[in-house]
Q: 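Below is one structure. I have some questions about it.
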Amino acid sequence: MSPTHFHVKSLAGKIFSSVLVFAFAIVLVFGVAMTSIYYYSYEREGEAKLSALAHEAADYLNATPSSENVPALQEQFAGLVRYTLIAEDGEVLFDSAADESTMENHGLRPEVAQAEAEGSSAVARYSETLKTDTIYAAVKLDDGSIVRLSETRESLFSFLGSMLVPILVALAVVAVLVFLLSKTLTRRIMKPIDALNFADPLENEIYEEMDPLLERIDEQQKLLKQQNKELALAENMRRDFSSNVSHEMKTPLQVISGYAELMKNDMVQPADRQKFAALIYEEAQAMRSLINDVLTLSRLDETVCDPETAVLVDVRAVGERVVGRLGSFAAEHGVDVQVEGVRACIAGSETLVEEMLYNLVENAIRYNHEGGQVRLSLAVEGGAPAPGAAGGDAARAAGARGASAADGAGAAGAPGSAGAGAAPGTAGEVVVRVSDTGAGIPADMRDKVFERFFRVDKSRSKETGGTGLGLAIVKHAVIYHKGTIEVESEEGVGTTFVVHLPAAS
Ligand code: ADP
């Protein structure tokens, strides 16, 4: 903002214009009022003076013969005031300013009538004869005639007119003063604002009018700080994850390049070749699993099921498929796997459900003992039929499936919200239990197993092809379907993972 120019939205401009209008109004009102008051007191004073003069003249004329009146007046007032001699009947005998022979009868003129009645008068009025504001002072003489003195006056209007220039000068001075005032005021108002400490908004002691603003800034800052913290945390986690992934890759790569180098330099006995190739193959497989898991996780990050793209997933069918895929893995470990329970459907992603069940069953086999058992069981809990839907309106059920599945997912999203208290028409929950007869998970580690790269027994996990990411993927898949997951485990007895998923109606 340049010091001589006001922007439309500048504070100085705003102060200037509002104060200026106010100041102008004051100057005008006061100017007119003072002028009027002054004018009237000046007029009264003029009347008093003229009246005194008229009395003096009357005393003098009363002492002079009537015929000498005119020359006597002439001698006294010629060139000073206008004087008129009026007969008792109102006829103008003499007038110093006009030709008396052309003047109408003055008997009804207010000052004349009043003097006639009361002996003397002083009146200010507009003179028809002279066409100006005039003060009159009239006194009745002993012979009945009336002597009248008059003096023209500026009318209030022309008097105000003559005040115009002073008033305009005053307005100009006021404008300059207001300009300077607005500048100074603005500077004073802005000074503490410029010095505001935004790092700690509530610590500022400034105008109370600014408290709401400062509070808002404070809130915003707290929000920003919080967001920054979360961002930093996410960034940290991302960095940890990257370094973990690199670290996990290093071992298989070292093994692969080590054995490959030996083979390249022909330092491996032909009898050992196959063994070395198998080791290289295994490590390559481990890397592939790791990469697959990392890709799955990054795809799953922060996503939740979109009702638009959700499809109906038959969890039992998927479970059977998973058990089939893991058949040889189970046989290798001497573990028996069974699927039991009802057919249950959810709305979501079949790939993710398969991924989830695969990881859970794979773990149940991997951390089991030879001759152990794994059970994948399915149940539907809670839920109530929609009123009137019992008959099974086939068309409605088929058409509304996608939408009501999404509703069900939303209603049953919070753990424990479905079940006994389920509202009529909700589909309840599909409960998936994957239990094994393995070593169990120590109580203090049951929450941690869902963290990326967390392993209770590192060597066992690696030996059996674990990546440390399986349960992290399971957790994400559960969250994606707005479900919950818990672990029940007893060391030496076995572990059960319980997954609750909103059922499709
Ligand atoms: P991993 O690839 O190592 O199996 P997960 O994320 O799938 O990684 O599991 C994390 C850890 O949790 C495993 O290393 C293992 O120690 C433990 N764990 C997972 N499932 C079971 C289970 N069914 N029984 C015992 N321990 C388990």
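Read the numbers this way: they start at 1 and go in the same order the structure lists the ligands and their atoms.
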Q: Is R366 in contact with ligand 1, taking contact as a heavy-atom separation below 4.0 Å?
A: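 Per 4.0 Å heavy-atom rule, R366 contacts ligand 1.
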
Q: Looking at ligand 1, would G438 count as a contact under a 4.0 Å heavy-atom criterion?
A: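 Under 4.0 Å: no for G438.
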
Q: Who's the nearest protein heavy-atom neighbour of atom 7 (O) of ligand 1, and how far?
A: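 Here the closest protein heavy atom is N363 ND2, 2.7 Å.
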
Q: Using a 4.0 Å cut-off to any heavy atom of D457, which atoms of ligand 1 qualify?
A: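 Listed by number with element: 16 (O).
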
Q: I'd like a table of donor-acceptor pairs (distance under 3.5 Å, sequence neighbours excluded) in which one partner is a side-chain atom from residues 319-338, with atom names and distances.
A:
unit_1 : atom_1 : unit_2 : atom_2 : d
E320   : OE2    : R316   : NE     : 2.9
E320   : OE2    : R316   : NH2    : 3.1
R321   : NE     : E354   : OE1    : 3.2
R321   : NH2    : E350   : OE2    : 2.9
R321   : NH2    : E354   : OE1    : 2.8
R325   : NH1    : E354   : OE2    : 2.6
H333   : ND1    : F329   : O      : 2.9
D336   : OD1    : Q338   : NE2    : 3.4
D336   : OD2    : Q338   : NE2    : 3.4

Q: Backbone or side chain, does any N or O of V456 fall under 3.5 Å from an N or O of ligand 1?
A: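 Yes, at least one N or O pair falls under 3.5 Å.
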
Q: So is I441 in contact with ligand 1, going by heavy-atom distances below 4.0 Å?
A: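 Within the 4.0 Å threshold, so yes.
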
Q: Starting from atom 12 (O) of ligand 1, which protein heavy atom do you reach first, and at what distance in Å?
A: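 Closest protein heavy atom to atom 12 (O) of ligand 1: V449 CG1, 3.3 Å.
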
Q: I need the full list of salt bridge (charged side-chain N to carboxylate O under 4.0 Å, His left out) pairs touching residues 237-252, with sequence neighbours left out, sorted by first then second residue.
A: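 Matches after skipping sequence neighbours: E235-R238, E235-R239, E248-R455, E248-K462.
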
Q: Ion pair present between R216 and D211, side-chain N to carboxylate O less than 4.0 angstrom?
A: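 No, this pair does not count.
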
Q: Would R452 pass as a cation-pi partner of F241, given that its NZ or CZ must be under 6.0 Å from the six-membered ring centre and within 45 degrees of the axis?
A: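 Yes, R452 sits over the ring of F241.
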
Q: Under a 4.0 angstrom heavy-atom cut-off, which atoms of ligand 1 come close to S461?
A: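 The atoms of ligand 1 under 4.0 Å from a heavy atom of S461 are 1 (P), 2 (O), 3 (O), 14 (O).
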
Q: Closest non-hydrogen protein atom to atom 4 (O) of ligand 1, residue and atom name please, with distance?
A: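 So the nearest neighbour among protein heavy atoms is Y367 OH, 2.7 Å.
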
